[in-house]
Amino acid sequence: MKAPSVPPPRPRIRYVNPRFQGPAVLAFAAIIVTGGAIFWKLVDREFQQVFLHAAIQGHYEFDSAYDIVRDLLAWHLASLFVGVFLTGSVLILLLVAATRHGIGKTVDSLRRSADGDLSTSTGTGFIGEFDRFGEKIDAARSDTLASVLKIRGDAAALAASGISPEEFRLRWDELKHRIRRIAP
Amino acid sequence: MSGPEAAGDVPLIHRRYVIGLLLRLFVNFAGGVGILFVILYFALSRPLPGDYAGVFHALRNLSPFFRAILSVSVLLYALLACGSTSALCVYILHKVAGPLHRMDLILDQYRSGAHTRTVSFRHDDQLQPLAKTFNLWIGTLHRDRHRWLSTMMDAERHCLQDEATCRAEMEEALREVAGDMARYR
């Protein structure tokens, strides 16, 4: 009986990259905590005054404390929401712009590499994770360039050398082996 | 130069992804503020005592009670909003972090000298041009390597003839390969 074919293992999905998502989470947390602190401060101060004013006013035309502060509470909650959402949106747009800039530089660098330019630095910009990634791309390009230049120099030297056929053949085979190891 | 988005006209980050992210953020923060409202509503909507003095004292004594309620509700809001936003960041931003991690692994593999395959990301991942241009570069290297080896093997065929022709053809092949490699700088 034919054994059922086993599907190839899917690449593991990694959801968390602390160097990339960590600062974003911290920035959002700072926005939320700041918004909450400002809300707490304003609401506490204003509601204390409103309750005191309502108590000494004498005309109690309300059933609960909520009736006294309904509009003020709605206003502060709306302000909290708009403030936090707008700041969060700006953060998102900055993050997207930084990603487009950083990875865009890497894409340009890889395209230049395909045209043979392996030495111009990627220069990814100001987000640490993209900078590290750009350096890694540069290291791979640099390794490739070093390897190609070494082979090129050795090939030119071997072509110009007047060494014995046995020696020539040995170095020829070694050169072929090294060429095979470029982007294996 | 046309920028990264010219690679097959695929943007690095899709507009729909950004809009989706903003919408989720909207819902997330609206939910947080909604919870804050519900807590404050239930704390403040208790009916005041019916008589005049009772209402007066209740309102005068509301301040310390309200401050505690406000502190707890804002703390709860901050915790819930931070928690859900963190989950949102992990869930949404992994479509950027995932491809970067995958490219990291491929680059490690490439530098270690292991066999380098073409890269492909999940269809809903962002940064697709990164995979395309990496594949373009690796593809160019593979083609060049194949051409250099072909040139050398063509020269080796002349070794079936006499030794001098073989040597001359091999030296010519080496010069050709070295000249071809000069485009790498």
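Because the structure is predicted, anything quoted here is derived from the model rather than measured. Lettering of chains follows the sequences in order, A, B, ..., and the numbering in each one begins at 1.
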Within 45 degrees of the ring normal and closer than 6.0 Å to the centroid, is that where the cationic atom of Arg167(B) sits relative to Phe168(A)?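 Relative to the ring axis of Phe168(A), which defines the angle, Arg167(B) lies inside both limits.
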How long is the straight-line distance from [atom2] of [Y] back to [atom1] of [X], given to the nearest 0.5 Å?
X: Met103(B); Y: Lys136(A); atom1: CE; atom2: NZ; value: 10.0 Å
X: Ser84(B); Y: Ile32(A); atom1: OG; atom2: CD1; value: 6.5 Å
X: Asp143(A); Y: Arg111(B); atom1: CG; atom2: CZ; value: 4.0 Å
X: Leu174(B); Y: Arg171(A); atom1: CG; atom2: CZ; value: 9.5 Å
X: Thr106(A); Y: Leu127(B); atom1: OG1; atom2: CG; value: 9.5 Å
X: Phe56(B); Y: Ile56(A); atom1: CZ; atom2: CD1; value: 8.0 Å

Kindly check if the number of other-residue, nucleotide or ligand heavy atoms within 6.0 Å of CZ (Arg147(B)) is above 12?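 Yes.
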Among [options], which residue has the highest count of heavy-atom pairs closer than 4.5 Å to chain A?
options: Glu171(B), His146(B), Met153(B); value: Glu171(B)
options: Leu88(B), Asp108(B), Val177(B); value: Asp108(B)
options: Phe134(B), Tyr17(B), Phe26(B), Trp148(B); value: Phe26(B)

Examine whether an atom of Leu107(B) lies under 4.5 Å from a heavy atom of chain A, and if so say whether it belongs to the side chain, the backbone or both; otherwise answer neither.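 It is the side chain, since no backbone atom gets that close.
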Tell me, side chain or backbone of Leu70(B) under 4.5 Å from chain A's heavy atoms, or both, or neither?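 For Leu70(B), the contact with chain A is made by backbone and side chain together.
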In terms of heavy-atom proximity below 4.5 Å to chain B, should [X] be classed as side chain, backbone, both, or neither?
X: Ile92(A); result: side chain
X: Ile137(A); result: both
X: Arg141(A); result: both
X: Arg180(A); result: both
X: Asp115(A); result: backbone
X: Leu145(A); result: side chain
X: Phe85(A); result: both
X: Leu158(A); result: both
X: Ile182(A); result: both
X: Ala139(A); result: both

Could you check if a side-chain atom of [X] sits within less than 4.5 angstrom of a side-chain atom of [Y], using non-hydrogen atoms only?
X: Tyr184(B); Y: Arg152(A); result: no
X: Arg46(B); Y: Ser64(A); result: no
X: Leu118(A); Y: Trp137(B); result: yes
X: Thr85(B); Y: Ile31(A); result: no
X: Lys132(B); Y: Arg111(A); result: no
X: Tyr66(A); Y: Leu40(B); result: no
X: Leu80(A); Y: Tyr77(B); result: yes
X: Phe133(A); Y: Leu130(B); result: yes

According to a 4.5 Å side-chain heavy-atom criterion applied to Ile, Leu, Val, Met, Phe, Trp and Tyr, with indirect links allowed, do [X] and [Y] form part of one hydrophobic cluster?
X: Val38(B); Y: Val74(B); value: yes
X: Val25(A); Y: Leu25(B); value: no
X: Val72(B); Y: Ile35(B); value: no
X: Leu86(A); Y: Leu93(A); value: yes

Let's test your reading of the structure: which of [options] forms the most heavy-atom pairs below 4.5 Å with chain B?
options: Gly88(A), Ala156(A), Ala55(A), Ala155(A); value: Ala55(A)
options: Ser89(A), Ala29(A), Gly36(A), Ser113(A); value: Ser113(A)
options: Leu26(A), Val84(A), Val96(A), Leu52(A); value: Val84(A)
options: Trp172(A), Phe39(A), Phe47(A); value: Trp172(A)

Gln21(A) versus His94(B), closest heavy-atom pair with distance: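 Of all heavy-atom pairs spanning Gln21(A) and His94(B), the closest is NE2-N, 3.5 Å.
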Smallest separation among heavy atoms of Ser71(B) and Trp40(A), with atom names: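 In this case the closest contact between Ser71(B) and Trp40(A) is OG-NE1, 2.9 Å.
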Can any side-chain N or O of Ser119(A) pair as donor or acceptor with the backbone N or O of Arg185(B) at less than 3.5 Å?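 Present.
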Test item: Arg100(A) side-chain N/O and Ile13(B) main-chain N/O as donor-acceptor pair under 3.5 Å: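 Such a contact is found between Arg100(A) side chain and Ile13(B) backbone.
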Does the distance from a Lys or Arg side-chain N to an Asp or Glu carboxylate O, for Asp117(A) and Arg183(B), drop under 4.0 Å?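 Looking at Arg183(B) together with Asp117(A), the answer is no, because their closest N to O distance does not fall below 4.0 Å.
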Do the side-chain N and O atoms of Thr144(A) and Tyr110(B) include a donor-acceptor pair separated by under 3.5 angstrom?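 Yes, because at least one side-chain N or O of Thr144(A) sits under 3.5 Å from a partner of the opposite role on Tyr110(B).
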Measure the acute angle between the ring planes of Phe29(B) and Phe28(A), then classify it against the limits of 30° and 60° as parallel, tilted or perpendicular.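 The rings of Phe29(B) and Phe28(A) sit tilted, inter-plane angle from 30° to 60°.
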